[in-house]
Amino acid sequence: MDDQTRMLTGLTGLAGLQQADVGDPDSVRKQQSLGQPQQDIGDILQQIMAITDESLDEAQARKHALNCHRMKPALFSVLCEIKEKTVLSIRGVQEEDPPDPQIMRLDNMLLAEGVSGPEKGGGSAAAAAAAAAAGGSPTDSSIEHSDYRAKLAQIRQIYHAELEKYEQACSEFTNHVMNLLREQSRTRPISPKEIERMVAIIHRKFSSIQMQLKQSTCEAVMILRSRFLDARRKRRNFNKQATEVLNEYFYSHLSNPYPSEEAKEELAKKCGITVSQVSNWFGNKRIRYKKNIGKFQEEANLYAVKTAVDAANVSAQASQANSPATPNSGGYPAPCYTPDGRL
DNA sequence: GAATATGATTCTAT
DNA sequence: ATAGAATCATATTC
C-alpha cells in the first residue's frame, strides 16, 4: 500500500488526468471496446455451436412471427423506399453497356464462315464462297473441300453444343438467382430493378465466357481455312503452253511488261487461268526478272527467237498465200546471241 | 533431301 | 487501285 501511495503521489499530474478521463463516459466506451470484438466473436461462435435443430425451428418460428407482425408491412415499405433511392443512385453510375464491338466482329466472322447462322445449306454455301474468295478454281475443288467441309461441320457442331450448354447454364443460373431473390424479397426489400440488374450482371459474365468460345472457334476456323483453302498450299504450276504464252508476251513487251486489262483478259483466256493469276504472274515475273536479269538472259533470248520465228512463219504463210515462190528462211532479223552458243 | 523454281499472299508506298 | 517487295508454301530438279 505504501508503494502504491508513493507511486500515486509521484504521478500527481497523471492522476489528475485519469480522474478527468474517468469522468468522460466516452472514454469508458473506448476502453471497453478494445476487448469487445474478441468477446463478440466468442459469443457468436458460442451461439453457432449451440445451434440445434430445435433452435433452427425456433428461429424459423420467430421469423414467421416477425413476418406476421402488424408493423411489418409499414416497416418493409419504408425499407423499400430507402433502398429504392440508394439503388437508383447506384444505377446511375453503371449504365447499360453498348454492344461490344469485339463480340460483334466475332459474330460477323462466324456468320460469314457459316459456323453460326442457318443450317447445312448456309454452311456449304459459305464454304464455297470462301473457296471462291481464296482464288481457287471453282472446278476440281469439290473433293478437296469435302474434307474442309467435314471439319467445318465438326467445329460448327462443337460450337453449337457449347453455346447451348452455356445458354442453358446461364438461364438455369439466372432462374436460380431469381428464385432466390424472389424468396428473399419476402423478408428483405428487393426491387424488380435490382433483380434486373442482377440478371444483367449474370448475363454479362456468361457473355464473356461466350466470347471466349467464339474467339477460339474463330481461331479454329482460321487454322482450318489456312490448312485447306490457302491457295499456296495447293499450288499447281501452270501448264507449259500457258507459261509459254505468258513468257512470250513478257519478253516481247520487255520495255513495258504491263499488260492492260484487256490484254490480261486475253492472256487469261489463252492460258486457261484467271485474270488475277495473270496479274500475279506478271508481278512475280517483273520483280524476279529485275532482280536477276542475268539469270533470265537465256530465256529472254529463247523467246526473242521464238517470237521472231513465229513472226517469220506468219509472214511466210502470208507471203506464201500472196506469192508461193518466196522462201521462208532468209531476210529476217537474226536471232539474238546465246551465251552458251546454243540456239 | 537440299536447292531452286514458282504461284499466291501480304504489306507498304504511291 | 496498283506495283513492288518480301515472304510463304508447295512443286520440281538435281
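First the proteins, then the strands, lettered A, B, ... as listed; each starts at 1. Both backbone and side-chain heavy atoms feed into the values below; hydrogens, waters and symmetry mates do not.
Each of A:Phe282 and A:Asn237 was assigned the nucleotide of DNA chain C with the nearest heavy atom; the assignment lying further toward the 5' end belongs to A:Phe282.
At B:dG7, none of the side-chain N or O atoms of A:Arg236 fall inside 4.0 Å of OP1 or OP2 (strictly under the cut-off). Proximity of A:Tyr289 to the phosphate of B:dT6: no side-chain N or O atom is located under 4.0 Å from OP1 or OP2. The side chain of A:Lys290 places no N or O atom within less than 4.0 Å of a non-bridging phosphate oxygen (OP1 or OP2) of C:dA3. Contact between the side-chain N/O atoms of A:Gln277 and the OP1/OP2 oxygens of B:dA8 is found at a separation under 4.0 Å.
At whole-Å resolution of the value, CH2 in A:Trp281 and P in B:dT6 are 9 Å apart. Taking atom CG of residue A:Leu246 and atom P of nucleotide B:dA8, one finds them 11 Å apart after rounding to whole Å. Regarding A:Asn280, its CG atom lies at a distance of 16 Å from the P atom of C:dA5, rounded to whole Å. Between the NZ atom of A:Lys240 and the P atom of B:dA5 there is a distance of 15 Å, given to the nearest Å. Note: CZ (A:Phe238) to P (C:dT12) measures 13 Å, nearest angstrom. Between the C1' atom of B:dT6 and the CZ atom of A:Arg286 lies a distance of 16 Å, rounded to the nearest Å. Spacing between atom CZ of A:Phe250 and atom P of C:dA3 amounts to 13 Å, rounded to whole angstrom units. A:Lys285 has its NZ atom 14 Å from the P atom of B:dA8, to the nearest Å.
Taking each heavy atom of A:Val275 and A:Ala268 in turn, the nearest pair found is N-CB, 3.9 Å. Taking each heavy atom of A:Pro257 and A:Arg286 in turn, the nearest pair found is O-NH1, 3.0 Å. Contact record, A:Met71 with A:His69: N-ND1, 2.9 Å, taken as the closest heavy-atom pair.
Within the 4.0 angstrom heavy-atom criterion, only backbone atoms of the sugar-phosphate kind lie near A:Lys295; the bases stay farther away.
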Pair A:Leu246-A:Lys285, side-chain contact (heavy atoms from CB on, under 4.5 Å): steps then yes or no:
CA-CA 10 Å; A:Leu246 293 166; A:Lys285 192 74 186 182; over 6 Å; no

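Between the side chain of A:Arg288 and the base of B:dG7, at least one donor-acceptor pair of N or O atoms lies under 3.5 Å.
Distances were taken from every side-chain heavy atom of A:Asn284 (C-beta onward) to each of C:dG4, C:dA11, B:dA8; the shortest belongs to B:dA8.
Looking at A:Tyr289, A:Tyr251, A:Phe250, A:Phe296 one by one, the single match for ring pair (Phe, Tyr, Trp, His ring centres under 6.0 Å) with A:Tyr303 turns out to be A:Tyr251.
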